[in-house]
Amino acid sequence: MTIFNGKYTGNQRKIAIVVARFNSFVTEELLTGAQDGLVRHGVATADIDVAWVPGAFEIPTIAKQLAASGRYDGVITLGAVIRGETSHYDYVCGAVSRGVAEVGLATGVPTMFGVLTTDTVDQAINRAGVKSGNKGTDCALSVLEMIDLKRQLATV
Ligand SMILES: Nc1c(NC[C@H](O)[C@H](O)[C@H](O)CO)[nH]c(=O)[nH]c1=O
Ligand SMILES: CC(=O)[C@@H](O)COP(=O)(O)O
């Protein structure tokens with residue numbers, strides 16, 4: 001019986017991170033968490049590229065370009081969409097979640113959804129390195145697992 005568990009294979013892994021500048025007091029913490037998680041699991045800092053976009057709505061466009069470039073083994077997307085007074089929140093969340101999912105499906109490059117979608121600022125802060133962990137770090141571990149899993153499966 002073969003168990004595929006995405007265990008680290010020790011090969012080089014090049015990662016692109018697409019991060020939104022909107023709510024940067026949160027997204028900068030997500031980025032730090034993602035970078036820290038990657039480096040702690042053997043990714044060289046020279047193999048991590050970061051692209052800043054204005055807001056979460058712009059993430060899929062750049063994530064698609066980077067994933068399709070063939071230069072990266074995985075992509076992490078980071079953002080913080082915090083509900084305001086209008087329905088704009090719903091449209092932004094819907095667009096970015098569908099867009100990021102489509103990038104991974106269209107390119108085959110593991111593309112992690114690290115965009116917080118919260119009702120309050122506190123909920124976002126807590127998920128960017130405070131009481132509820134760091135979604136950026138979570139995405140770092142997940143993208144490495146997916147990269148190694150794809151490499152394992154490619155050998156069968
Ligand atoms: N309200 C939030 C936004 N809004 C901006 C959009 O993402 C987009 O940049 C704009 O509509 C121009 O296309 N973005 C976030 O990342 N977080 C928010 O809470
Ligand atoms: C998520 C958003 O787009 C939101 O922050 C915008 O705020 P508002 O709905 O009050 O215009």
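Whatever order the structure lists them in is the order used to number ligands and atoms, beginning at 1. Along the sequence shown, the residues carry numbers beginning at 1.
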What protein heavy atom is closest to atom 7 (O) of ligand 2, reported as residue, atom name and distance in Å?
Gly84 CA, 3.7 Å
Below the 3.5 angstrom mark, is there an N/O of Arg83, backbone or side chain, next to an N/O of ligand 2?
no
Can you tell me if His88 contacts ligand 1 (heavy atom of the residue under 4.0 Å from the ligand)?
yes
Tell me whether Ala80 reaches ligand 1 (any heavy atom closer than 4.0 angstrom to a ligand atom).
yes
Within the 4.5 Å heavy-atom criterion, are Phe25 and Ile125 side-chain neighbours or not?
yes
Indicate yes or no: does an N/O atom of Phe22 lie under 3.5 Å from an N/O atom of ligand 2?
no
Treat each ILVMFWY residue as a node, draw an edge where side-chain heavy atoms are under 4.5 Å apart, and state whether Trp52 and Ile48 are in one component.
yes
Looking at CD of Gln152 and CD1 of Ile147, how far apart are the two atoms once the value is rounded to the nearest 0.5 Å?
12.5 Å
Does Ser87 reach ligand 2 with a nitrogen or oxygen that is under 3.5 Å from one of the ligand's nitrogen or oxygen atoms?
no
Given Ile82, Val115, Thr117, Val121, which has its nearest heavy atom closest to atom 19 (O) of ligand 1?
Ile82
Looking only at protein heavy atoms, what sits closest to atom 6 (C) of ligand 1 is Phe57 CB, 3.9 Å
How long is the span from the CZ atom in Arg127 to the CG atom in Asp138, to the nearest 0.5 Å?
11.0 Å
Protein residue, atom and distance nearest to atom 10 (O) of ligand 2, heavy-atom basis
Glu85 N, 2.8 Å
Ligand-side contact atoms (ligand 1) for residue partner Glu58, heavy atom cut-off under 4.0 Å:
8 (C), 9 (O), 12 (C), 13 (O)
Tyr91 atom OH: more than 12 heavy-atom contacts under 6.0 Å
no
pair Asp148-Arg151: side-chain heavy atoms closer than 4.5 Å
yes
Examine the proximity of ligand 1 to Asn23 and report which part, side chain or backbone, both or neither, has a heavy atom under 4.0 Å away.
side chain
Among all protein heavy atoms, pick out the one at the shortest distance from atom 3 (O) of ligand 2; state its residue, atom name and that distance to 0.1 Å.
His88 ND1, 2.5 Å
With a 4.0 Å cut-off, would you call Asp73 and Lys150 a salt bridge?
no
Ligand 1 and Ala56, any nitrogen or oxygen pair closer than 3.5 angstrom?
yes
Please determine if Pro54 has a nitrogen or oxygen closer than 3.5 Å to a nitrogen or oxygen of ligand 1.
no
What atoms of ligand 1 come within less than 4.0 Å of a heavy atom belonging to Gly55?
7 (O), 9 (O), 16 (O)
When hydrophobic residues are tied together by side-chain contacts of less than 4.5 Å, even through go-betweens, does Leu78 share a cluster with Val96?
no
Distance check, rounded to the nearest 0.5 Å: Thr111 atom OG1 versus Lys64 atom NZ?
10.5 Å
When rounded to the nearest 0.5 angstrom, what distance separates CE in Met112 from CD1 in Ile15?
9.0 Å
Among protein heavy atoms, which sits nearest to atom 14 (N) of ligand 1, and what does the distance come to when rounded to 0.1 Å?
Phe22 CG, 3.5 Å
Spacing of His88 atom NE2 and Cys93 atom SG [to the nearest 0.5 Å]:
10.0 Å
How far is atom 11 (O) of ligand 2 from the closest protein heavy atom, and which atom is that?
Thr86 OG1, 3.7 Å
Looking only at protein heavy atoms, which one is nearest to atom 5 (O) of ligand 2, and how far off is it?
Ile82 O, 3.1 Å
For Val81, the ligand 2 atoms with a heavy-atom partner under 4.0 Å come out as 1 (C)
Crowded around Phe57 CZ? As in, over 12 foreign heavy atoms under 6.0 Å?
no
